[in-house]
Number of protein chains: 2
Amino acid sequence: MLDEETKAVPRDCGDCPIRHRAVCARCEADELESLDQIKYYRSFEAGQTVIWAGDKMDFVGSVVSGIATLTQTMEDGRTQMVGLLLPSDFVGRPGRDEAAYDVVATSDMVMCCFRKKPFEELMVHTPHIAQRLLEMTLDELDAAREWMLVLGRKTAREKIASLLSIIARRDASLKLTKPTGSMVFDLPLTREAMADYLGLTLETVSRQISALKRDGVIQLEGKRHITVPDFDRLMEEAGDDNDGGMLA
Amino acid sequence: MLDEETKAVPRDCGDCPIRHRAVCARCEADELESLDQIKYYRSFEAGQTVIWAGDKMDFVGSVVSGIATLTQTMEDGRTQMVGLLLPSDFVGRPGRDEAAYDVVATSDMVMCCFRKKPFEELMVHTPHIAQRLLEMTLDELDAAREWMLVLGRKTAREKIASLLSIIARRDASLKLTKPTGSMVFDLPLTREAMADYLGLTLETVSRQISALKRDGVIQLEGKRHITVPDFDRLMEEAGDDNDGGMLA
DNA sequence: CTGTTCTTTTGATCTGCATCAAGGATGCCA
DNA sequence: TGGCATCCTTGATGCAGATCAAAAGAACAG
């Protein structure tokens, strides 16, 4: 069915758009050289599955461009997204042979892959890689825990607002701007994918987006292009406290 | 209000009950020696708060005995537990100054603490510590993601069954037995804490526990002592698939 | 043993979101 | 240009779990 085409995309680490954010961020020139020797690029089309949960996984890698999702599925088909992978995010786990989750490209995507075995060996001699990976994993753990609050305790409206504020913030950080005032961005997810992320149905997602639009929290152009006139207002709707203390 | 009593509990690393599971698990004798120099013990009583989210945190550490919870709270009081800390689990994050979550001891608890600064310095020269911490953090990330599925997609009954099966499994692993057949253990949490973990109300928790008891999935003695006559049955109720493939 | 507090159970009712159902918009391919 | 698929919106209805309320154990101090 799916044509798992693998296409080489030669590139120099020096020009790499994720050079200073990915797992290689802290590497010196010589370390980068070693990584360069075991790396290869893979391209995926929107909708293509990178790997299925339970499949043997003999590589790890970084998202270079595009977006992928990490999802878990129960036997009866209920699915929950457990991660949204953006450029520089790491895929796979050193020391594990099988993929723990389904990984699906939701847009055209390019990954910088390393064969797992050589990567693991390299990690032993290259503390900068292990250090960076630890830092990234701790960040992901924080993100997962923040998401647990969203899933466990927020209302549908708050969930949507939380997702929008996260996407807006991430978009701002790519553009190296602060998330304030008016913001414009595109939704990288379908309503169904949003529902899977938020633990809702796609109908509820659609209704709540309409409600936020009706209430002036967001403006919509087409289905995907979003304008947030007031980011603080969005944060309020998300139930997050941005005025949080810190009066030291 | 809370009497944050700090009591010394001198102990030798060689005798430590979490020696081979904690962040120090991979350390050689000399590395252990270095850790030993910067460690100190703190005891907490049941109900005592270890640290509040946002507070300055100048230590990291491991739970030696007892149980603690990691929780997040919204301004209006809604709370979500984001982690259950058992013996050998790590508390705190190297490279971060403030606690991200409330940490509360739910039973009498002893922690082995390291001052953060010296610990961070030690990590640089002691790859075994960083390696083990990475491994533990990856495990926690997996656990958090499994919990996202529970919070986002499972019914109240499945949530309760999931929590019980996790506690049962953990209990089995402490006793070095396989989780099968009949199992007996104590709930380390109040109904309210269970509710905070599962994103439910305590009334719903109580009702579902009664229902599981009525249906013979569990037996109760007092409020806390649980017997699971058939672990596979419990797994089914949790919606987990334990017969999952693996026919290689 | 009695009053107090904390935890838990159980009942009655309400409601937010799921479910079921239909139709609109957009884009692609023949 | 029309057929088809994909994605999205909106309406009607139902139900799982929240909320409100009361009371029953259990632990403990006096």
Side-chain angles (χ1 to χ4, degrees), chain A residues 1 45-48 69 74 76-80 104 106-107 150-163 186-215 218-226 237 239, chain B residues 1 45-48 74 76-80 104 106-108 150-163 186-215 218-226 237 239:
Chain A
M1 315 285 172
E45 287 172 27
Q48 217 180 334
T69 60
M74 296 171 67
D76 62 7
R78 281 177 282 175
T79 73
Q80 174 65 50
V104 178
T106 57
S107 69
V150 172
L151 291 172
R153 293 303 187 189
K154 292 195 177 179
T155 65
R157 169 181 264 243
E158 288 169 333
K159 284 179 174 180
I160 299 288
S162 297
L163 178 57
D186 283 307
L187 279 178
L189 300 172
T190 64
R191 300 289 186 264
E192 186 180 22
M194 293 175 69
D196 283 343
Y197 205 1
L198 296 167
L200 298 170
T201 58
L202 86 182
E203 293 97 327
T204 297
V205 169
S206 182
R207 271 186 251 274
Q208 295 297 336
I209 288 181
S210 298
L212 288 175
K213 179 180 161 193
R214 194 163 49 245
D215 298 344
I218 60 173
Q219 287 146 28
L220 265 182
E221 220 171 298
K223 309 300 182 188
R224 298 290 194 95
H225 192 73
I226 301 246
E237 292 287 352
Chain B
M1 313 285 173
E45 288 174 24
Q48 218 181 332
M74 296 172 67
D76 61 9
R78 281 177 282 175
T79 74
Q80 175 65 50
V104 177
T106 58
S107 69
D108 289 350
V150 172
L151 290 172
R153 292 303 185 191
K154 292 195 176 179
T155 64
R157 169 182 265 243
E158 287 170 334
K159 284 179 174 181
I160 298 288
S162 297
L163 179 56
D186 283 306
L187 279 177
L189 300 172
T190 64
R191 299 291 185 262
E192 186 179 23
M194 294 175 69
D196 283 342
Y197 205 2
L198 296 167
L200 298 171
T201 58
L202 85 180
E203 293 96 328
T204 298
V205 169
S206 181
R207 272 186 251 273
Q208 295 298 337
I209 288 181
S210 298
L212 288 176
K213 180 180 160 191
R214 192 163 50 245
D215 298 344
I218 59 172
Q219 287 146 27
L220 266 182
E221 219 171 298
K223 308 300 182 189
R224 299 291 193 92
H225 193 74
I226 302 246
E237 291 287 353

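The chains referred to below are lettered A, B, ... by the order of the sequence lines, with proteins before strands, and numbering in each begins at 1.
Looking at heavy-atom distances under 4.0 Å, Ile209(A) makes no contact with the nucleic acid at all. If you check every strand for non-hydrogen atoms under 4.0 Å, Thr190(B) touches sugar and phosphate atoms only.
For the atom pair CG (Leu187(A)) and CG (Leu220(A)), the distance works out to 7.5 Å, reported to the nearest 0.5 Å. Put simply, NZ on Lys223(B) and CZ on Arg191(B) are 7.5 Å apart, with the number rounded to the nearest 0.5 Å. Interatomic distance, Leu212(A) CG to Ile160(A) CD1, rounded to the nearest 0.5 Å: 7.0 Å. For the atom pair CZ (Arg224(B)) and CG (Asp186(B)), the distance works out to 8.5 Å, reported to the nearest 0.5 Å. Put simply, CG on Leu200(B) and NZ on Lys154(B) are 12.5 Å apart, with the number rounded to the nearest 0.5 Å.
At its two ends the helix from dC1(C)-dG30(D) to dA30(C)-dT1(D) runs along axes set 30° apart, each axis drawn from five pairs and the angle rounded to 10°.
Rounded to an integer number of Å, the gap from Arg78(A) CZ to dT19(C) P is 9 Å. The nearest whole Å value for the distance from the CG atom in Leu151(B) to the C1' atom in dA16(D) is 16 Å. Per the geometry, CD belonging to Glu221(A) stands 17 Å off C1' belonging to dC8(D), to the nearest Å. Following rounding to the nearest Å, Ile226(B) (CD1) and dT8(C) (C1') show an atom-to-atom distance of 13 Å. Straight-line distance from the NZ atom of Lys223(A) to the C1' atom of dG27(C): 13 Å, rounded to whole Å. In this structure, CG of Leu220(B) is placed 18 Å from P of dT7(C), rounded to the nearest angstrom. Straight-line distance from the CZ atom of Arg157(A) to the C1' atom of dC17(C): 15 Å, rounded to whole Å. The interatomic distance linking Glu158(B) (CD) with dG17(D) (C1') rounds to 14 Å, in whole Å.
For dC7(D), its base never sits under 3.5 Å from the side chain of Glu192(A) at any donor and acceptor pair. The base of dC17(C) is not paired with the side chain of Glu203(A) by any donor and acceptor separated by under 3.5 Å. A donor-acceptor contact under 3.5 Å is formed by the side chain of Arg207(B) with the base of dT19(D).
At the phosphate of dG17(D), neither OP1 nor OP2 sits under 4.0 Å from any side-chain N or O atom of Thr204(B). Proximity of Thr201(A) to the phosphate of dT19(C): no side-chain N or O atom is located under 4.0 Å from OP1 or OP2.
Annotation: of the two residues near DNA chain C, Ala156(A) and Leu189(B), the 5′-most nearest-nucleotide partner is Leu189(B). Between Arg153(A) and Leu202(A), the residue anchored closer to the 5' end of DNA chain D is Leu202(A), taking for each the nucleotide with the nearest heavy atom.
A heavy-atom distance below 4.5 Å is not found between the side chains of Glu237(B) and Asp215(B).
Counted within 6.0 Å of CD on Glu192(B), heavy atoms from surrounding residues, nucleotides or ligands total 12 or fewer; the atom is thus considered open.
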